Q: 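Got a structure for you, questions after.
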Amino acid sequence: MSEEKNLNFLEEIIEADLKSGKYKSILTRFPPEPNGYLHIGHAKSICLNFGLAKKYGGKTNLRFDDTNPVTEDTEYVDSIQEDVKWLGFEWNNLLYASDYFEQLYAFAVQLIEKGLAYVDDSTAEEIAQQKGTPTQAGTRNGFANRTIAENLALFADMRAGKYADGEKVLRAKIDMASSNMHLRDPLLYRIKHAHHHRTGNAWCIYPMYDFAHGQSDSIENITHSICTLEFIPHRPLYDWCIEQLGIFPSHQYEFARLNMTYTVMSKRKLLQLVNEGHVKSWDDPRMPAIAAMRRRGYTAASIREFCDKIGVAKRENLIDLGLLEFCVREDLNKTALRRMVVFDPIKVVITNYTKDEEILFSENNPEDENGGNREVPFSSEIYIEKEDFMEVPPKKYFRLAPGQMVRLKSAYIIKCDEVVKDDAGNITELRCTYIPESKSGSDTSGIHVKGTLHWVSVKHAITAEARLYDRLFTEENVADAEGDFKNYINPNSLQVIDAVYAEPSLVQAKFDERYQFIRKGYFCLDKDSSGRIVFNRTVTLKDGWAKEAKKA
RNA sequence: UGUUCCAUGGUGUAACGGUAGCACUACUGAUUUUGGUUCAGUUAGUUAAGGUUCGAAUCCUUAUGGAACAACCA
């Protein structure tokens, strides 16, 4: 067995580092800010960080980047942990940037003592103005000339709460003329008299991302700190801090974040959809949030497979939603229990069926030899889908039509004899005859039909609510579309059917089971099911006939 | 107008100077008691121009195109 070793660029770096002896083992981290729910884009990062560590015998820390108390909340801390676990990963240590606040403060003092940081009394506007522009150098103000002793005292006073929010900041003293804006005396600490979800009111100054992230990596001895492309310009600052402090040299590497068609991936936009009621909650099954996908019926395995298939590189990408759907179908096809459910019924009366009822058997999953069978009751009155009958069928229509025969799945072949209509001309009932010797499993009729329909016995059917989801947006590339992204929300992203007719075995539907409603799609029980049954459609089945019909 | 990053079929991703491959999509056909699945096949690609080389997707140069960078956010 010779394995092809198509490595992505991060795997190449890691293998080189391991081979050269730079590291004996690797340590990565997944560093979410607890200010929102995790989404499929985070899943890519999670699979990457945990996956890389797993592949190379290393470990991964889960570290909450909680340096901005006003936006963060324990609700998110909890949901993030749940989602990472659900995706199937185990972290080495559960950590918080806030664990390091004391250490980070000491680091800041160290920079001040080296003359590399100063307290600035300027307003946010002044600082922004003095920063210059990408093409114009910034200018340094007089506060940069404060003495070390003065800065030390002022910084201590900042911590002690002597100043109001915004009154002073601590800045690194680097280079106001740098072509890299992040090196133009970046802010290190700001004053926020705010309650922090973990440290409470112990602090009124909080480190900025750039002063917290790299040092946190370093404290934990993270070897490979993997983040998204937009942090590339931060890397020189990341390295500068570590070098000036003389601490463990973690290294930052950047990859392209996931973008997907027909959805948005920014926490800000997703939060907006929730807050403005365009969706019901973060776990509304239309959302790309992990919690939402879980509720919708996506399996963790299918999401991991998706993340594996999309690969990792440095170029911007827009992944086809179809690939995600392919991954769930592939997984669910092997595992989902087959059931029959009629969504939009039309009654079929089998005129020559004289028995009251009989029990038939149908396989739970044709892909699984050991999947077993279930009982399905049959009687003289059944429902089939309206769309499975046409009075005037087009060519290649293999379903029911006057004089045409079809197989009822796991039951008999029937032939349509008569179409019954009401006064308005609507079809109310189809009258058919069945072929007694065509019974599934013991068919001696010798008749071959092309179409097989799902059905349910009228008197045995149970009803349930079905929620059918479609893409959340109408535009393929939402981020690139003109104007407000909310203009492109798909008004038909949710279709609720109050009553679909299901075979009786589904009264026992369980939350952890996945179902394939034959010819309809993959479904799972929604958490709203209590006192009633609610099914979410995870994804449709591929529909070859829809394409065929479109051509005509 | 500065700096940085990127450029391979419709989409995504390989090929590490030596036959441009894989997956999804699309399209054919076969099988099928799900118009599902499965199987077989087809279409389709190196941004451009120069150079280096026996040989370039790969190295160099220039151009073109795209993206990122100025928040007391991360």
Side-chain angles (χ1 to χ4, degrees), chain A residues 4-8 12 31-33 35 65-68 70-72 97 120 122-124 127-138 165-171 178-182 184 187-192 205-206 208-210 212-213 227 229-236 254 256 261 267-268 309-320 322-327 329-330 333-334 338 340 362-363 366-367 396-399 406-411 413 438 440-441 443 448-454 516-521 540-549:
Chain A
E4 277 291 333
K5 58 165 198 164
N6 296 337
L7 303 176
N8 65 47
E12 283 181 357
E33 183 188 12
N35 67 346
D65 226 334
D66 55 350
T67 58
N68 185 2
V70 302
T71 58
E72 295 155 9
D120 192 331
S122 308
T123 64
I127 288 177
Q129 209 147 50
Q130 291 158 7
K131 276 238 156 124
T133 69
T135 53
Q136 272 179 300
D165 289 9
E167 222 179 305
K168 287 183 166 47
V169 292
L170 182 74
R171 300 177 72 175
S178 172
S179 57
N180 183 334
M181 299 293 289
H182 296 273
R184 323 248 262 227
L187 271 64
L188 267 22
Y189 268 89
R190 78 286 217 194
I191 299 169
K192 274 181 196 282
I205 57 171
Y206 293 92
M208 298 288 291
Y209 166 85
D210 285 305
H213 200 98
C227 61
L229 255 30
E230 65 268 30
F231 290 97
I232 289 176
H234 294 250
R235 188 173 357 115
E254 311 86 9
T261 56
K267 276 197 223 171
R268 200 196 94 244
K309 275 185 159 50
I310 59 178
V312 181
K314 296 189 77 161
R315 69 186 92 110
E316 303 280 345
N317 58 79
L318 182 63
I319 306 283
D320 190 341
L323 184 61
L324 217 208
E325 297 187 335
F326 168 82
C327 291
R329 289 194 186 107
E330 189 184 40
N333 176 51
K334 288 181 290 196
R338 310 296 135 117
M340 292 198 283
S362 191
E363 71 272 23
E367 308 295 317
K396 293 206 269 184
Y397 185 78
F398 306 146
R399 305 178 189 181
V406 292
R407 154 80 56 188
L408 294 175
K409 172 72 182 172
S410 298
I413 291 173
S438 67
S440 208
D443 184 349
H448 287 285
V449 293
K450 278 203 168 146
T452 300
L453 308 185
H454 62 282
Q516 183 199 98
F517 294 172
I518 291 178
R519 304 206 305 139
K520 293 307 261 181
T540 60
L541 254 28
K542 258 173 70 181
D543 190 350
W545 171 245
K547 276 181 214 160
E548 190 66 35

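Below, read A as the first sequence line, B as the second, and so on, with proteins coming before strands; counting in each chain starts at 1. Just so it is clear, the model here is predicted, and its values are computed rather than measured.
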Q: Please report, rounded to the nearest Å, how far the P atom of B/U34 is from the CZ atom of A/Arg329.
A: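 Interatomic distance, CZ of A/Arg329 to P of B/U34: 18 Å.
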Q: According to the Watson-Crick and G-U wobble definitions, with both distances under 3.5 Å, which nucleotide is paired to B/G65?
A: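 Pairing partner: B/C6.
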Q: Kindly say whether A/Glu72 contributes a backbone atom to a donor-acceptor pair with the side chain of A/Asn35 at under 3.5 angstrom?
A: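 No, A/Asn35 side chain to A/Glu72 backbone: no donor-acceptor pair under 3.5 Å.
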Q: With nearest nucleotide decided by heavy atoms, which residue, A/Ile319 or A/Asp543, maps closer to the 5′ end of RNA chain B?
A: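 Per heavy-atom nearest nucleotide, the more 5' residue is A/Ile319.
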Q: Counting only Watson-Crick pairs (N1-N3 plus N6-O4 or O6-N4) and G-U wobbles (N1-O2, O6-N3), all under 3.5 Å, who is the partner of B/A20?
A: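 Pairing partner, where one exists within any strand: none, as none qualifies.
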Q: How many Å lie between CG on A/Asn8 and P on B/G12, as a whole number?
A: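 One finds 17 Å between P of B/G12 and CG of A/Asn8, rounded.
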Q: Please say whether more than 12 non-hydrogen atoms of neighbouring residues, nucleotides or ligands are located less than 6.0 Å from CD in A/Glu230.
A: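 Yes.
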Q: Could you please name the option among B/G35, B/G12, B/U37 that lies closest to any side-chain atom of A/Asn317?
A: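 Out of B/G35, B/G12, B/U37, the nucleotide with an atom closest to A/Asn317's side chain is B/G12.
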Q: At under 4.0 Å between heavy atoms, what does A/Phe517 touch on the DNA or RNA strands: base, sugar-phosphate, or nothing?
A: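 Touches nothing.
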Q: Mind checking if A/Phe326 touches a base, just sugar-phosphate, or nothing, with heavy atoms under 4.0 Å?
A: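 Touches sugar-phosphate only.
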Q: For the CG atom of A/Asn317 and the CD1 atom of A/Ile310, what is their distance to the nearest 0.5 Å?
A: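 Rounded to the nearest 0.5 Å, the CG-CD1 separation comes out at 7.0 Å.
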Q: Can a donor-acceptor pair under 3.5 Å be found between the side-chain atoms of A/Ser440 and the base atoms of B/U33?
A: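 It does, because a donor-acceptor pair links the side chain of A/Ser440 to the base of B/U33 below 3.5 Å.
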Q: Look through every strand shown and name the nucleotide pairing with B/U37 as Watson-Crick or G-U wobble, where both distances are under 3.5 Å.
A: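 By the stated definition (distances under 3.5 Å), nothing pairs with B/U37.
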Q: Taking for each residue the nucleotide of RNA chain B bearing the nearest heavy atom, is the 5' side occupied by A/Asn333 or by A/Leu323?
A: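 In this pair, the answer is A/Leu323.
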Q: When the distance from NZ of A/Lys409 to P of B/G35 is rounded to whole Å, what number comes out?
A: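 Those two atoms, NZ and P, are 9 Å apart.
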Q: Could you please name the partner base of B/C72, counting Watson-Crick and G-U wobble pairs only when both distances are under 3.5 Å?
A: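 Base partner found: none.
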Q: May I ask you to say what A/Val312 touches in the nucleic acid, namely base, sugar-phosphate or nothing, with a heavy-atom cut-off under 4.0 Å?
A: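 Here A/Val312 touches the backbone only, sparing every base.
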Q: Indicate for each nucleotide in nucleotides 67-74 of chain B, in 5' to 3' sequence, whether protein heavy atoms under 4.0 Å reach the base (B), only the sugar-phosphate (S), or nothing (-).
A: S-SB-BSB
Q: Applying the Watson-Crick and G-U wobble criteria at under 3.5 Å, what pairs with B/A56? Answer none if nothing qualifies.
A: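 No nucleotide pairs with B/A56.
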Q: Could you tell me whether a side-chain N or O of A/Ser438 sits under 3.5 Å from a main-chain N or O of A/Ile413, the two making a donor and an acceptor?
A: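 Yes; judged by distance alone, with no hydrogens or angles, the pair exists.
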Q: Go ahead and name the base partner of B/U32; Watson-Crick or wobble counts if both distances stay under 3.5 Å, otherwise write none.
A: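 In the structure as shown, B/U32 has no Watson-Crick or wobble partner.
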Q: Between A/Lys547 and B/G35, does any side-chain N or O lie under 4.0 Å from OP1 or OP2?
A: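 Negative; the distance criterion is not met.
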Q: Measure CG/A/Leu453 against P/B/G36 and give the value in whole Å, please.
A: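 The distance from CG of A/Leu453 to P of B/G36 comes to 14 Å, rounded to the nearest Å.
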Q: What integer distance in Å separates A/Leu324:CG from B/U25:P?
A: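 Atom CG in A/Leu324 sits about 13 Å away from atom P in B/U25.
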Q: Can you measure A/Ile310 atom CD1 to B/A14 atom C1' for me and round it to whole angstrom units?
A: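 Distance check: A/Ile310 CD1 to B/A14 C1' gives 16 Å.
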Q: For A/Arg329 and A/Thr540, indicate whether the former's side chain and the latter's backbone hold a donor-acceptor pair under 3.5 Å.
A: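 Yes, the answer is positive, given that a donor and an acceptor are paired below the 3.5 Å cut-off.
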Q: A/Gly441 near the nucleic acid: base, sugar-phosphate alone, or nothing, with a heavy-atom cut-off under 4.0 Å?
A: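 The answer is base, as A/Gly441 lies within the cut-off (heavy atoms under 4.0 Å) of a base atom.
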Q: Among B/A14, B/G36, B/U34, which is the nearest nucleotide to the side chain of A/Lys542?
A: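 For A/Lys542, the side-chain atoms sit closest to B/G36.
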Q: Side chain of A/Arg399 only, please: which of B/U13, B/G35, B/U34 is the nearest?
A: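 Nucleotide nearest to A/Arg399's side chain: B/G35.
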Q: Taking the side chain of A/Ala313 as heavy atoms from C-beta outward, which of B/G12, B/G35, B/U13 is closest to it?
A: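 Comparing B/G12, B/G35, B/U13 against the side chain of A/Ala313, the answer is B/U13.
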Q: With a cut-off of less than 4.0 Å, is there a side-chain N or O of A/Arg184 near OP1 or OP2 of B/U3?
A: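 A/Arg184 to B/U3 OP1/OP2: no side-chain N or O under 4.0 Å.
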Q: Indicate, with a heavy-atom threshold strictly under 4.0 Å, whether A/Glu254 touches base, sugar-phosphate, or nothing.
A: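 Nothing: the residue A/Glu254, judged by heavy atoms under 4.0 Å, touches no strand.
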Q: I'd like the C1' distance from B/U8 over to B/A14, given in whole Å.
A: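 That atom pair is separated by 10 Å.
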Q: Side-chain N or O of A/Arg519 less than 4.0 angstrom from OP1 or OP2 on B/G35?
A: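 For B/G35, OP1/OP2 do have a side-chain N/O of A/Arg519 under 4.0 Å.
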Q: Write down the distance between NE2 (A/His454) and C1' (B/U37), rounded to a whole number of angstrom.
A: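 A/His454 atom NE2 is separated from B/U37 atom C1' by 17 Å.
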Q: Does the side chain of A/Lys314 get closer than 4.0 angstrom to OP1 or OP2 of B/A7 through an N or O atom?
A: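 No, outside the criterion.
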Q: Quick one: A/Leu7 CG to B/C22 P, roughly how many Å, whole number?
A: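 Those two atoms, CG and P, are 19 Å apart.
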